[in-house]
2 protein chains.
Amino acid sequence: MELTTAEENYLKAIYHLSEEGKKSVSTNDIAAQIQTKPASVSDMLRKLGEKEVIQYRKYYGLQITELGKRLALQTIRKHRLWEVFLVDKLHFAWDEVHEVAEQLEHIQSPLLIERLDAYLNYPKFDPHGDPIPDAYGDVRTRPRCALNEMDIDQSGQIVAVKDSSAAFLRYLDKVGAYIGARIKILDKVEFDGSIEILVDQKKTLFMSKDVASNILVLQS
Amino acid sequence: MELTTAEENYLKAIYHLSEEGKKSVSTNDIAAQIQTKPASVSDMLRKLGEKEVIQYRKYYGLQITELGKRLALQTIRKHRLWEVFLVDKLHFAWDEVHEVAEQLEHIQSPLLIERLDAYLNYPKFDPHGDPIPDAYGDVRTRPRCALNEMDIDQSGQIVAVKDSSAAFLRYLDKVGAYIGARIKILDKVEFDGSIEILVDQKKTLFMSKDVASNILVLQS
DNA sequence: AAATAATATTAGATAAAGCTAAAAAATATA
DNA sequence: TATATTTTTTAGCTTTATCTAATATTATTT
Ligand SMILES: [Mn+2]
Ligand SMILES: [Mn+2]
Ligand SMILES: [Mn+2]
Ligand SMILES: [Mn+2]
């Protein structure tokens with residue numbers, strides 16, 4: 001089964017939206033996610049339905065199939081491996097990799113990915129803390145919770161970010177938050193949900209609820 | 001100036017055919033080179049003419065412009081850098097890289113190529129001995145001659161291959177010819193142009209004129 | 001339950017890249 | 001030079017992926 005670049009991008013978006021626990025994935029959601037128009041999405045959904053990577057009944061919504069999941073995970077695997085390559089080997093900053101990986105993920109060569117994976121030493125997570133599916137599409141997720149949902153005095157380790165936009169990542173760089181940092185909740189402001197945390201036992205940091213909700217923590 | 005993937009492939013083919021010293025590049029030549037039909041080539045020539053990467057007057061032939069050369073060399077630079085990456089870092093054999101590089105050369109990211117070049121230590125030649133243009137499109141070609149044009153007792157070093165097909169490269173692997181090997185002409189058969197050479201002062205090799213004409217040597 | 005709003009789909013265009021078959025132009029040959 | 005052959009281009013069609021505008025369906029309010 002061969003997918004075009006556009007089909008791979010749509011399927012990946014559908015997979016991600018499906019995983020977000022949303023009851024069902026809407027045409028508008030997909031359009032927003034991949035920056036296109038709902039009319040284009042409707043068209044593509046029909047095609048993806050014919051290729052049986054989703055189950056689609058018009059006006060009724062869609063469901064990704066097992067085949068669809070497998071293919072989406074292959075693309076995600078490639079995307080994340082390339083991100084690791086760009087950061088670890090080419091010294092890209094973690095906010096510079098997304099666009100390039102968005103292109104590289106469509107290169108067709110099983111050998112290339114196999115070798116790249118070996119070359120990078122079979123990494124388990126990408127630069128944003130997201131897990132890298134193995135060659136069979138198996139992905140092991142760690143239990144993690146959003147920073148804004150933790151209570152005072154709880155502690156843990158930053159393991160991932162929800163938002164991978166350059167703006168957000170550069171903000172984290174600036175304030176000194178990074179994947180792997182040990183944190184502890186010092187205070188929570190009832191009024192707006194903003195919090196104060198201690199980073200690596202030495203630095204205190206103040207952040208809005210919005211920022212905190214995009215930081216994922218492994219509790220300890 | 002932005003070119004599509006197809007346009008880049010055509011322009012690269014035109015550049016290569018132009019460089020081969022042919023008087024003029026024909027529609028049929030281009031079609032053969034990139035495995036398409038002459039009718040498709042005509043169409044594309046019109047488009048490339050409009051984008052001013054070639055000068056084109058129908059039925060009269062074409063000439064690549066300075067702009068066209070610069071863009072073609074950018075694509076060639078990317079192609080060859082990726083080939084070096086695949087061989088040096090991912091341990092691809094030199095006959096396995098072409099198809100993948102054909103895809104990777106179209107990835108759009110100046111930063112990526114800059115970093116890749118640095119990571120590979122600014123290589124000057126690709127795995128087939130072809131020179132890698134620098135970031136400004138300058139290529140330094142070494143003086144080199146086809147092995148079949150050398151005379152008895154002359155010696156030199158294999159520096160490149162003209163044919164990069166897997167079949168040819170695997171044949172060279174099998175008989176033990178490689179880039180960098182020191183060679184000396186032992187005998188030439190008048191009848192069919194086949195030759196006998198000494199490789200690295202220890203092994204004699206017999207090859208047809210056809211094979212010899214695809215091996216390029218730096219004479220010494 | 002009817003009217004209104006929101007969401008989703010279809011109709012009809014456009015652009016890129018390819019194809020086959022037909023026509024036009026250039027080249028070779030008798 | 002006239003005819004035949006080869007080369008090149010055009011005409012018309014197909015597929016993929018977009019878009020806008022119009023229509024259809026579902027959801028939400030009075
Ligand atoms: Mn992509
Ligand atoms: Mn990522
Ligand atoms: Mn290519
Ligand atoms: Mn090469």
Side-chain angles (χ1 to χ4, degrees), chain A residues 1-14 17-18 20 22-64 68 71-72 75 102-103 105-108, chain B residues 1-14 17-18 20 22-64 68 71-72 75 102-103 105-108:
Chain A
M1 248 284 294
E2 308 272 291
L3 297 183
T4 65
T5 291
E7 287 169 343
E8 285 183 345
N9 284 334
Y10 273 95
L11 191 57
K12 198 158 59 94
I14 291 167
L17 291 168
S18 300
E20 268 176 26
K22 298 278 169 61
K23 43 256 123 181
S24 83
V25 180
S26 81
T27 301
N28 277 343
D29 288 346
I30 299 169
Q33 176 96 352
I34 63 183
Q35 319 238 69
T36 184
K37 298 288 182 279
S40 308
V41 176
S42 283
D43 234 43
M44 184 57 90
L45 293 182
R46 190 182 41 70
K47 287 186 220 163
L48 293 177
E50 280 165 16
K51 293 206 170 183
E52 301 191 311
V53 293
I54 62 171
Q55 239 188 299
Y56 174 58
R57 274 181 53 215
K58 56 189 186 182
Y59 291 111
Y60 272 74
L62 63 94
Q63 197 170 1
I64 192 164
L71 294 174
T75 307
E102 204 56 50
Q103 297 178 61
E105 71 189 358
H106 304 292
I107 302 289
Q108 305 262 352
Chain B
M1 247 284 294
E2 306 272 293
L3 297 182
T4 65
T5 291
E7 287 168 343
E8 285 184 345
N9 284 334
Y10 272 94
L11 191 57
K12 199 157 59 96
I14 291 167
L17 290 169
S18 301
E20 268 177 25
K22 299 278 170 61
K23 44 255 122 185
S24 81
V25 179
S26 81
T27 301
N28 277 343
D29 288 347
I30 299 169
Q33 176 95 354
I34 64 183
Q35 319 239 68
T36 185
K37 299 286 182 277
S40 307
V41 176
S42 282
D43 234 43
M44 184 56 91
L45 292 182
R46 189 182 41 70
K47 285 187 221 163
L48 294 178
E50 279 165 15
K51 293 205 170 185
E52 301 190 312
V53 294
I54 62 172
Q55 239 189 298
Y56 174 58
R57 274 180 52 216
K58 55 189 185 182
Y59 291 110
Y60 272 75
L62 64 94
Q63 198 169 2
I64 191 163
L71 294 174
T75 307
E102 203 57 49
Q103 297 178 60
E105 71 189 359
H106 305 292
I107 302 290
Q108 307 262 350

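Order of the sequence lines sets the chain letters (A, B, ...), proteins ahead of strands, with each chain counted from 1.
Contact annotation: Asn28(B) side-chain N/O to dT6(D) OP1/OP2 distance is not under 4.0 Å. Dashed line: the shortest gap from a side-chain N or O of Ser40(B) to OP1 or OP2 of dG18(C) is not under 4.0 Å. Under 4.0 angstrom from either OP1 or OP2 of dT10(D) there lies no side-chain N or O belonging to Ser42(B). Between Thr36(A) and dA17(D) there is no side-chain polar atom (N or O) within less than 4.0 angstrom of OP1 or OP2. For Lys37(A) and dA21(D), the shortest distance from a side-chain N or O to OP1 or OP2 is not below 4.0 Å.
With rounding to whole Å, His106(A) atom NE2 is found 11 Å from dA17(D) atom P. Rounded to an integer number of Å, the gap from Asp43(A) CG to dC19(D) P is 11 Å. Rounded to an integer number of Å, the gap from Leu45(A) CG to dT18(D) C1' is 15 Å. The distance between atom CG of Asn9(A) and atom C1' of dA17(D), rounded to the nearest whole Å, is 12 Å. Taking atom CD on Glu50(A) and atom P on dA17(D), their separation rounds to 12 Å, with Å as the unit. Regarding Ile30(B), its CD1 atom lies at a distance of 9 Å from the P atom of dT8(D), rounded to whole Å. Protein atom CG of Leu11(A) is 13 Å distant from nucleotide atom P of dA17(D), rounded to whole Å. Atom CZ of Arg46(A) and atom C1' of dT10(C) are 10 Å apart (whole Å).
A residue-by-residue look at Thr27(B) and Met44(A) shows that Thr27(B) has its nearest nucleotide of DNA chain D further toward the 5' end.
Within residues 53-62 of chain A, the residues having any heavy atom under 4.0 Å from DNA chain C are, by residue number, Tyr56(A), Lys58(A), Tyr59(A).
Just one residue in the list Ile54(B), Leu62(B), Ile64(B) forms a side-chain contact (heavy atoms from CB on, under 4.5 Å) with Leu48(B), and that residue is Ile54(B).
Under 4.0 Å is where a charged nitrogen must lie from a carboxylate oxygen, and between Glu7(B) and Lys51(B) at least one such pair does. Under the 4.0 Å criterion applied to side-chain N and carboxylate O atoms, Glu8(A) and Lys12(A) are not assigned as salt-bridge partners.
Among the atoms of the strands shown, only primed sugar atoms or phosphate atoms (P, OP1, OP2) are found under 4.0 Å from some heavy atom of Ala6(A).
Although no hydrogens or angles enter the test, the distance criterion places no donor-acceptor pair under 3.5 Å between the side chain of Gln63(A) and the main chain of Tyr56(A).
When every heavy atom of Thr27(B) is checked against every heavy atom of Ser42(B), the shortest pair comes out as CG2-OG, 4.2 Å.
Candidate nucleotides dC19(C), dT9(D), dT8(D) were compared by shortest atom distance to the side chain of Ser26(B), and dT8(D) ranks first. Considering only the side chain of Tyr10(A), dT18(D) comes nearest among dA17(D), dA21(D), dT18(D).
When side chains are defined from C-beta on, Leu45(A) counts as touching Ile14(A), because their heavy atoms get closer than 4.5 Å.
For CD of Glu50(B), the number of neighbouring non-hydrogen atoms (other residues, nucleotides, ligands) closer than 6.0 Å is greater than 12.
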